[in-house]
Amino acid sequence: QWGNLVGPKTDDWVWVTTTFPIAFVSACFSISCCDEITNYDYDDNVEFMARKLQKTSVDIQFRSDHLGRNLRWIALGI
């Protein structure tokens, strides 16, 4: 499954609970994230991490030098 998050409007770390479009039957095994850059902000520091991998959701925390950045995620599970 995959989705998109809009980053925080401040430079603080923010935990966001992301609900999967469809719950996994057994478990979510992994989540992978990447940020979306534009032609104007290619030089950026983005930090993110995930916790609480569940069948229905995951908590993702991130921040960026550019506020309000989009973060793309992919979740793998069965």
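For Thr56, there are no side chain to side chain donor-acceptor pair (under 3.5 Å) partners at least two apart in sequence or on another chain. Partners of Ser32 according to the side chain to side chain contact (heavy atoms under 4.5 Å, CB included) rule, which considers only residues two or more places apart in sequence or in another chain, do not exist here.
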Between Gln1 and Ile22, is the side chain to side chain contact (heavy atoms under 4.5 Å, CB included) condition met? List the steps.
CA-CA 8 Å; Gln1 301 186 48; Ile22 300 170; 4.1 Å; yes
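Here the side chains of Ser57 and Thr18 are not in contact, with every heavy-atom distance at 4.5 Å or above. Looking at heavy atoms from C-beta onward, Gln54 lies out of side-chain contact with Phe24 at the 4.5 angstrom threshold.
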Would you mind writing out the side-chain donor-acceptor pairs for residues 71-78 within the sub-3.5 Å range, not counting sequence neighbours?
from: Arg72; atom 1: NE; to: Glu36; atom 2: OE1; distance (Å): 3.2
from: Arg72; atom 1: NH1; to: Asn4; atom 2: OD1; distance (Å): 2.9
from: Arg72; atom 1: NH2; to: Glu36; atom 2: OE1; distance (Å): 2.1

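Residues Trp15 and Met49 come closest through the heavy atom pair CH2-CG, 3.7 Å.
We find the CG-CZ distance between Asp59 and Arg51 to be 5.0 Å, quoted to the nearest 0.5 Å. Rounding to the nearest 0.5 angstrom, the gap separating the CD1 atom in Ile31 from the CG atom in Leu53 is 7.0 Å.
Distance alone, capped at 3.5 Å, places no donor-acceptor pair between the Gln61 side chain and the Ala50 backbone.
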